[in-house]
Amino acid sequence: MIEVTRVYDFKNGINNLALKKSGEKIRNGKLVIFPTETVYGIGANALDSKAVDDIFIAKGRANDNPLIVHVSDFAMIKDLVEEPNTMEKKLLDAFMPGPFTLILKKKDIIPNNVSANLDTVGIRMPSNKIAHDLIEAAGVPIAAPSANVSSRPSGTQVEDIIDEFQDKVDIIIDGGKTNIGIESTVVKVIDDIPTILRPGKITPEDIMAVVGVCKLSDNLFKKVDGVVESPGMKYKHYAPKSKCLLVYSDNDEEMLNIIKQNIMEKTLIIGCDEHAYSYDCYKYLNYGKKLDYDAISHNIFAYLRQADKYDPDLIIIEGVKKEGIGIAIMNRLIRAAGYNYIEK
Ligand code: TXA
Ligand code: MG
């Protein structure tokens with residue numbers, strides 16, 4: 001039973017006493033929300049299946065959707081998974097610590113609810129200092145999905161998620177707005193080819209540059225069901241409460257026209273800086289310069305949540321080109337819009 005959720009403010013630096021306490025809570029089977037460089041995570045001791053169950057309950061997450069296990073160093077990985085092959089080792093060396101998750105063959109020490117009964121587990125080594133120090137303080141690997149109630153946009157700042165998790169977790173560590181803003185790139189090596197199951201800040205080009213090959217899963221931009229490479233692909237995710245439409249065209253004029261044709265009485269538009277005054281709409285949220293994908297990914301989840309506060313009849317989102325981190329942005333936005341998507 002949690003009496004009241006404590007919020008520790010680490011925005012201006014880590015408080016060592018509070019960090020130690022948070023580590024102890026994790027070790028003792030409690031839930032702690034913490035920042036990473038991608039999004040906030042809701043964490044528990046990855047080796048404690050009861051604590052892991054509590055994550056699924058707090059999030060309302062389907063139990064066939066596995067969790068990522070967070071480690072603070074390479075030594076910790078050894079106990080959790082079978083020896084990686086050469087390709088996997090290269091990826092580990094190149095991208096960890098960082099916004100990268102590698103799916104590896106798990107050892108029995110990982111409880112089955114963490115991996116949703118798969119024989120693999122996602123391993124991630126965050127570069128964010130608070131996340132790193134928390135895992136070290138806990139002394140155990142931390143299983144952590146994104147901190148959001150299932151189907152909602154992932155939490156990138158504490159203000160957005162505090163209501164969802166009030167009294168459901170023991171501690172929330174506030175590290176300010178997360179740097180990257182969208183979740184890690186999830187990769188599985190299949191037939192010796194790194195395959196991106198969820199795109200992110202580490203792009204196909206980044207992976208190609210290191211190992212010469214990389215594949216995108218076929219399922220990144222479409223609705224899928226049944227048995228998929230990554231169970232998270234089939235669930236509703238990132239969705240605002242209001243109805244949503246995503247529009248993209250390489251031709252700016254065309255995109256503007258399609259959006260204008262779809263504007264209704266109370267339409268809120270989330271789009272680029274350059275188009276801030278192009279529409280006659282109820283409210284415009286400016287996600288950054290058109291080609292500044294870093295800014296867009298940094299802002300997008302917070303804006304999807306903010307949009308709901310205006311209670312619009314419709315949210316229209318300007319898409320971006322599916323290149324670089326734009327692949328990850330579009331992967332999230334297509335889902336946010338519930339596949340209600342016009343591309344010309
Ligand atoms: O950046 C991130 O990865 C954040 C922060 C907190 O680290 N975490 C995160 O976790 O996004 P979550 O649970 O929201 O997303 C994990 C994704 C899901 O789509 C899940 O299906 C997939 O990774 N996944 C996890 N384990 C897997 C496995 N063994 N095989 C295939 N996909 C897996
Ligand atoms: Mg998630």
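Along the sequence shown, residues are numbered consecutively beginning with 1. First listed ligand is number 1; within each ligand, the first listed atom is number 1.
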Using heavy-atom distances, let me know which of [options] sits nearest [atom].
atom                    : options                       : value
atom 14 (O) of ligand 1 : Ser146, Ser150, Pro231, Pro99 : Ser146
atom 24 (N) of ligand 1 : Gly41, Gly122, Pro66, Ser115  : Pro66
atom 5 (C) of ligand 1  : Thr38, Ile123, Ile110, Ile42  : Thr38

For Tyr287, all residues meeting ring pair (Phe, Tyr, Trp, His ring centres under 6.0 Å), sequence neighbours excluded: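 Tyr287 satisfies ring pair (Phe, Tyr, Trp, His ring centres under 6.0 Å) with no other residue.
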
With sequence neighbours excluded, residues passing ring pair (Phe, Tyr, Trp, His ring centres under 6.0 Å) with Tyr40: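 With sequence neighbours excluded, Tyr40 shows a ring pair (Phe, Tyr, Trp, His ring centres under 6.0 Å) to no residue whatsoever.
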
With Arg27 via side-chain hydrogen bond (donor to acceptor under 3.5 Å, both in side chains) - residues at least two apart: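 Scan of Arg27 (side-chain hydrogen bond (donor to acceptor under 3.5 Å, both in side chains), adjacent residues dropped) gives none.
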
So do the side chains of Ile270 and Leu304 get within less than 4.5 Å of each other, counting heavy atoms only?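 Yes, close enough: below the 4.5 Å cut-off.
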
Least distance between heavy atoms, Leu80 atom then Ile123 atom: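 Of all heavy-atom pairs spanning Leu80 and Ile123, the closest is CD1-CD1, 4.0 Å.
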
Using 2.8 Å as the cut-off, note every protein N, O or S atom close to the Mg ion (ligand 2).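 Only Ser146 OG, His237 NE2 fall inside 2.8 Å of the Mg ion (ligand 2).
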
If we count only N and O atoms by modelled type, under 3.5 Å, do the side chains of Thr178 and Thr156 hold a donor and an acceptor together?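 Side-chain D/A pair, Thr178 to Thr156: absent.
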
How does His70 reach ligand 1, if at all, at less than 4.0 Å between non-hydrogen atoms: by side chain, backbone, both, or neither?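 The part of His70 near ligand 1 is the side chain, not the backbone.
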
Mind checking whether Ile103 contacts ligand 1 via backbone (N, CA, C, O), side chain (CB onward), both or neither, at a 4.0 Å heavy-atom cut-off?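 It is the side chain that gets close, since no backbone atom is under 4.0 Å.
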
